[in-house]
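This is a predicted model, so every value here is computed, not measured. Values below: all heavy atoms of this structure, side chains included; hydrogens, waters and symmetry mates excluded. Convention: sequence-line order gives letters A, B, ...; per-chain numbering from 1.
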2 protein chains.
Amino acid sequence: MTSVPLLDRLRALDWRLTPQRRVIAEVMGGDHVHLTAEEVLERARQRLPEVSLATVYNTLNELVSMGEVQPVDAGGGPTRYDPNTKDGHHHLVCLVCGDLRDVHPEGLEALELPRSEHFGFRVVNREVLFQGYCSNCGRP
Amino acid sequence: MTSVPLLDRLRALDWRLTPQRRVIAEVMGGDHVHLTAEEVLERARQRLPEVSLATVYNTLNELVSMGEVQPVDAGGGPTRYDPNTKDGHHHLVCLVCGDLRDVHPEGLEALELPRSEHFGFRVVNREVLFQGYCSNCGRP
DNA sequence: GTATATGCAAAGCATTTGCATTAAA
DNA sequence: TTTAATGCAAATGCTTTGCATATAC
């Protein structure tokens, strides 16, 4: 899926590559990653202790602007950041603990917004959010 | 769609009916309402000046717990509250100004999560979010 | 050398909470 | 009379910002 690694794509965008940015990008590499800013900080600091939360937010926001990372707000908690922007990726979230998974629902092609409901919008994206209870959080 | 008005349903739930709660419920009545807590406060105060923001939040949270109102977090801004929980209602949001519309997409029946992607979750809901640019916000 | 990223600490919002007061039932 | 809702103000959690310093290019 991810043909060119994130770091290589960033290098190609003549993006000033600092140690902090490198470790943040490394942490954000890979699939099925849905970290919060705090979690990114924690993991980045394991590799490079001198990283600040402000830099994590700055960097994540830039990656979002570049289209390399997608922010996912699913019910209340802090924003999670998803580096998997290439495939049509949707999400399954636990209503209790916020656990988040990438899913690839079937039948998306058939999902259309009737023209009468465009309200003059230019529609550019569809996101499907499945909600439920994960195996830890049981069945309230 | 809304066969029994919100206020009548609340009365039936032996919910202590204060003037504040009444005006908040009145403000939340009707379709295609997607107000933020601040907007609810503003409108409620037009009818009853002695309403506080804390009470608006308390009351909205209760309405959410009762299943009478649904919170909608669509990209960044403050939570919007949608009293239209009965029909399968989905949303179209403007990526720039946050303008939010109720929509009723076609082909939802065909939208399924493959069993291999349930991850042990009990899936209870699907929400579809269409994103785009409204006629005011043009085409960046 | 110059432009830009960093870290810190402070500020900004949205939301929740503790607690004394008030009011619904 | 009892139990619960209100309002205020302070606290919280997440995120952004201003500014002096450090550093990639």
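Residue A:Asn58 is in base contact, counting any heavy-atom pair closer than 4.0 Å across all strands shown. Note on A:Pro71: nothing from the nucleic acid sits closer than 4.0 angstrom, heavy atoms only. In this structure, B:Glu38 reaches neither bases nor backbone, as no heavy-atom distance under 4.0 Å exists between it and the strands shown. Across all strands shown, B:Thr36 has no heavy atoms under 4.0 Å from either base or sugar-phosphate atoms.
For the pair B:Leu10 CG and D:dA5 C1', the computed distance is 15 Å after rounding to whole Å. In this structure, B:Glu50 places its CD atom 14 Å from C1' of D:dA5, rounding to the nearest Å. Remark: C1' of D:dA9 and CG of B:Leu53 are 12 Å apart, rounded to the nearest angstrom. Distance CG (A:Asp73) to P (D:dC14): 12 Å, rounded to an integer number of Å. A:Arg16 has its CZ atom 5 Å from the C1' atom of D:dA24, to the nearest Å. Atom-to-atom, CZ of A:Arg21 to P of D:dA22 comes out at 19 Å; the value is rounded to the nearest Å. Between A:Arg80 atom CZ and D:dT15 atom P the separation is 10 Å, expressed in whole Å.
In summary, contact between chain A and DNA chain C, defined as any nucleotide atom under 4.0 Å from a heavy atom of the protein, begins and ends at C:dA3 to C:dC8 in the 5' to 3' direction.
Grouping the Ile, Leu, Val, Met, Phe, Trp and Tyr side chains by contacts below 4.5 angstrom, directly or via other members, places B:Val72 with B:Val93.
Listed here is the closest heavy atom pair of B:Pro105 and A:Pro114: CA-CD, 4.1 Å. Taking both residues in full, the closest heavy atoms of A:Val23 and A:Gln20 are given as CG2-O, 3.1 Å, listed atom of the first, atom of the second, then distance. Of all heavy-atom pairs between B:Val27 and B:Val33, the closest is O-CG1, 4.2 Å.
The pair A:Arg80-A:Glu39 meets the salt-bridge criterion, since a charged nitrogen lies less than 4.0 angstrom from a carboxylate oxygen. A salt bridge links A:Glu62 with A:Arg21: the distance from a Lys NZ or Arg NE/NH1/NH2 to an Asp or Glu carboxylate oxygen falls below 4.0 Å.
Distances were taken from every side-chain heavy atom of A:Pro78 (C-beta onward) to each of D:dT15, D:dA5, D:dG7; the shortest belongs to D:dT15.
Heavy-atom nearest nucleotides on DNA chain C were determined for B:Thr18 and for A:Ser52, and the one closer to the 5' end corresponds to A:Ser52. Taking for each of B:Ala54 and A:Tyr57 the nucleotide of DNA chain D with the nearest heavy atom, the 5'-most of the two is the partner of B:Ala54.
Figure legend: A:Arg101 and B:Phe119 shown as a cation-pi pair, the cationic atom lying under 6.0 angstrom from the six-membered ring centre and within 45 degrees of its axis.
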